[in-house]
Amino acid sequence: MFALADCNNFYVSCERVFNPALNGRPVVVLSNNDGCVIARSNEAKQLGIQMAQPAFQIAAFLKKNRVAVHSSNYALYGDMSRRVMTILGEFTPELEIYSIDEAFLGLAGLPVELEAYARAIRNRVLQYTGIPVSVGIGPTKVLAKLANHFAKKVPENQGVFVLTPENTAQCLQRFAVEEIWGIGRQYAKLLRSHGANTAWDLIRLSDGWVRRKMTVAGLRIKKELEGVSCLSLETAPPAKQAICTSRSFGTFQTEKAPIREAVATFAARCAFKLRRQRSCAGVLMVFIHTNEFNPNEPQYARNAVRRLPVATSSSLELVHYALDSFETIFRPGFRYKKAGVLVSEIVPEDRVQGSLFDTVEREKQRALMAALDRISLRFGPDAVQVAAQGVGDGDWQLRRAKLSPCYTTRWSDIITVKA
DNA sequence: TCTGGGGTCCTAGGACCC
DNA sequence: TCTGGGGTCCTAGGACCC
């Protein structure tokens, strides 16, 4: 059996922990640059606010309905996530952290009464962190996901639900295909056009048809719905195959210099992510583009891919090559909206293929980066950086007008309790 | 008239997740 | 005016090998 623990409206819940005035009110959290709605409280959902809705389209509506609006605060959400996951880890030796707000727990060999177990998880996470979680339990990961839906959406279940041989058929019949984990918009459309409207309808289609139309991934989902476990727990996340750092700019950029700073910053960030997972990248790509949503303005989008002489995780090297590539693709005369750096061909740092013609003093660089990371850990990521990243706040930086304090990760932002 | 059978690697594009 | 930022997996088709 598997349990899926999923934090309710996670980003909104994080904001509410430190700002209880938000309780009972409609609250939304916006994406980077305050662009789209990416989290909604139940009250906001009831107002009909859609996921991924651009904020500017509903600005008046938000104001009129007195919806509390927050910018994304990933420092806060990431830290709260870590706390929740630590608690979940106390309930099982097999924990798969699936995303920032959900985790699978392997229940093999745990001699427990399942509903009491689920309730204990919910209670402890709520008590220790203030974050409400829903817990669903089922014989496969897809069914645990499905159970979680009934834990969350049916008030009588009070946040926990266990699938049993007795209730499974009824749950499948009440579960719309687009709600199934792994069925997105396209497959949902296909299934509905073939008369399969619920999870129950899906498992009544033939294996052959599902395999043909939805590849093996679709067949796996069908088997999982039937109770045949095809997806195993991944307790140790595999090393990433690609790492990307990209941002939309806070305002359109027409000059070369600020975009250059942004690209340098993204490259340095990729380098840091590589070092954190103890790996190096052999290929680097830089991309820039204009605002693709506006058909009335001249569009430009280019990327430049280059193979590095020797795989590396050095900020200095990656920034150097990223800027060099940037020079080859930048063209003046456009309003740029976004840029990014992507590194791939990632190898463990102790298995880097050397080169006879290598001129870089690798050992020195490695020690330098280690020192840099120690300084960043202690004094913050801005304490020391590559000069090309620029100093101060370029106006390419994110727009975050409604940012809450970093209550749990910055001493100056720690919460004040008034007597 | 008739033209094998077995592979690998790479890329682009499309599907999906949060 | 204004629309996020990460990722993964699968397949088809082409180039190539013997």
Side-chain angles (χ1 to χ4, degrees), chain A residues 4-11 28-40 50-60 62 69-74 77-78 81 85 96-104 141-142 145 148 177-191 210-221 224 230-231 234 237-252 262 266 269-270 273 277 283 285 287 289-297 303 305 307 335 337-346 397-401:
Chain A
L4 176 69
D6 189 331
C7 300
N8 299 355
N9 313 331
F10 182 55
Y11 298 168
V28 298
V29 173
L30 305 180
S31 63
N32 273 341
N33 266 323
D34 296 343
C36 300
V37 173
I38 54 167
R40 303 159 295 160
Q50 296 299 306
M51 193 66 175
Q53 193 154 28
F56 75 90
Q57 289 176 356
I58 52 169
L62 294 175
V69 178
H70 279 273
S71 304
S72 289
N73 184 343
Y74 288 107
Y77 311 150
S81 172
M85 298 305 169
E96 175 185 341
I97 298 172
Y98 177 67
S99 74
I100 194 167
D101 73 334
E102 54 187 297
F104 288 101
K141 288 169 91 173
V142 169
K145 272 271 203 185
N148 192 278
V177 279
E178 39 275 283
E179 302 284 340
I180 301 168
W181 188 40
I183 304 294
R185 250 206 288 275
Q186 301 303 320
Y187 285 153
K189 213 164 94 185
L190 174 78
L191 287 167
V210 174
R211 166 71 239 244
R212 219 166 37 250
K213 297 281 193 179
M214 300 166 64
T215 81
V216 296
L219 187 54
R220 259 184 231 132
I221 293 165
E224 286 252 321
C230 303
L231 305 171
E234 298 207 355
K240 293 192 192 312
Q241 300 169 28
I243 289 174
C244 181
T245 304
S246 74
R247 294 285 181 279
S248 297
F249 302 134
T251 56
F252 289 108
F266 301 156
R269 179 83 189 148
C270 283
K273 292 179 185 174
Q277 66 164 44
V283 167
M285 181 180 90
F287 64 87
H289 61 79
T290 49
N291 179 20
E292 57 207 339
F293 290 104
N294 187 350
N296 300 319
E297 79 175 279
N303 66 64
V305 181
R307 173 166 297 280
R335 299 167 74 225
K337 178 61 182 167
K338 185 171 180 175
V341 173
L342 183 140
V343 293
S344 55
E345 301 218 355
I346 292 173
Q397 310 244 4
L398 290 177
R399 192 166 54 231
R400 296 195 284 181

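To find a chain, count down the sequence lines: A is the first, B the second, and so on, and within it residues start at 1. Just so you know, these numbers use all the heavy atoms, side chains as well, and skip hydrogens, waters and symmetry mates.
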Using a cut-off of 4.0 Å on non-hydrogen atoms, how would the nucleic acid contact of A:Ser72 be classed: base, sugar-phosphate, or nothing? nothing
Once you apply a heavy-atom cut-off of 4.0 Å, does A:Glu292 come out as touching a base, just sugar-phosphate, or nothing? nothing
Under 4.0 angstrom, heavy atoms only, what part of the nucleic acid is A:Asn33 near: base, sugar-phosphate, or nothing? nothing
Could you tell me whether the side chain of A:Arg211 reaches within less than 4.5 Å of the side chain of A:Leu219, counting heavy atoms only? yes
A:Trp181 ring center within less than 6.0 Å of A:Phe104 ring center: yes
For DNA chain B, list all stems, counting runs of three or more consecutive pairs where every pair is Watson-Crick or G-U wobble with both distances under 3.5 Å. B:5-18 with C:5-18
Sugar-phosphate, base or nothing in reach of A:Arg212, heavy atoms under 4.0 Å: nothing
Which is true for A:Ala242 with a 4.0 Å heavy-atom rule: it touches a base, it touches only sugar-phosphate, or it touches nothing? sugar-phosphate
Using a strict threshold of under 4.0 Å (side-chain N to carboxylate O), is an ion pair present between A:Glu96 and A:Lys141? yes
Contacts of A:Phe56 meeting ring-ring contact (aromatic ring centres under 6.0 Å, His included) (sequence neighbours excluded), chain-then-number -> none
Under a 4.5 Å cut-off applied to non-hydrogen side-chain atoms, are A:Asn32 and A:Arg399 in contact? no
Quick one: does NZ or CZ of A:Lys338 land under 6.0 Å from the six-membered ring centre of A:Phe249, within 45 degrees of the ring axis? no
Please work out if A:Lys189 contacts a base, only the sugar-phosphate, or nothing of the nucleic acid, heavy-atom cut-off 4.0 Å. nothing
What's A:Gln241 touching, base or sugar-phosphate or nothing? Going by heavy atoms closer than 4.0 Å. sugar-phosphate
Any base atoms under 4.0 Å from A:Ile100, or only sugar-phosphate, or nothing? Heavy atoms, all strands. nothing
If you measure only the distance, is there a donor-acceptor pair under 3.5 Å linking the side chains of A:Ser71 and A:Asp34? yes
Tell me whether the centres of the aromatic rings in A:Phe287 and A:Phe266 are closer together than 6.0 Å. no
Using a 4.0 Å heavy-atom cut-off, does A:Asp34 contact any base of the nucleic acid, only the sugar-phosphate backbone, or nothing at all? nothing
Contact boundaries of DNA chain B with chain A (under 4.0 Å, heavy atoms), 5' to 3'? B:dA15 to B:dC18
Under 4.0 angstrom, heavy atoms only, what part of the nucleic acid is A:Lys273 near: base, sugar-phosphate, or nothing? sugar-phosphate
When we call it a touch if two heavy atoms are under 4.0 Å apart, what does A:Ile180 touch: a base, just sugar-phosphate, or nothing? sugar-phosphate
For residues A:Leu4 and A:Lys145, report the shortest heavy-atom separation together with the two atoms involved. CD2-CD, 3.4 Å
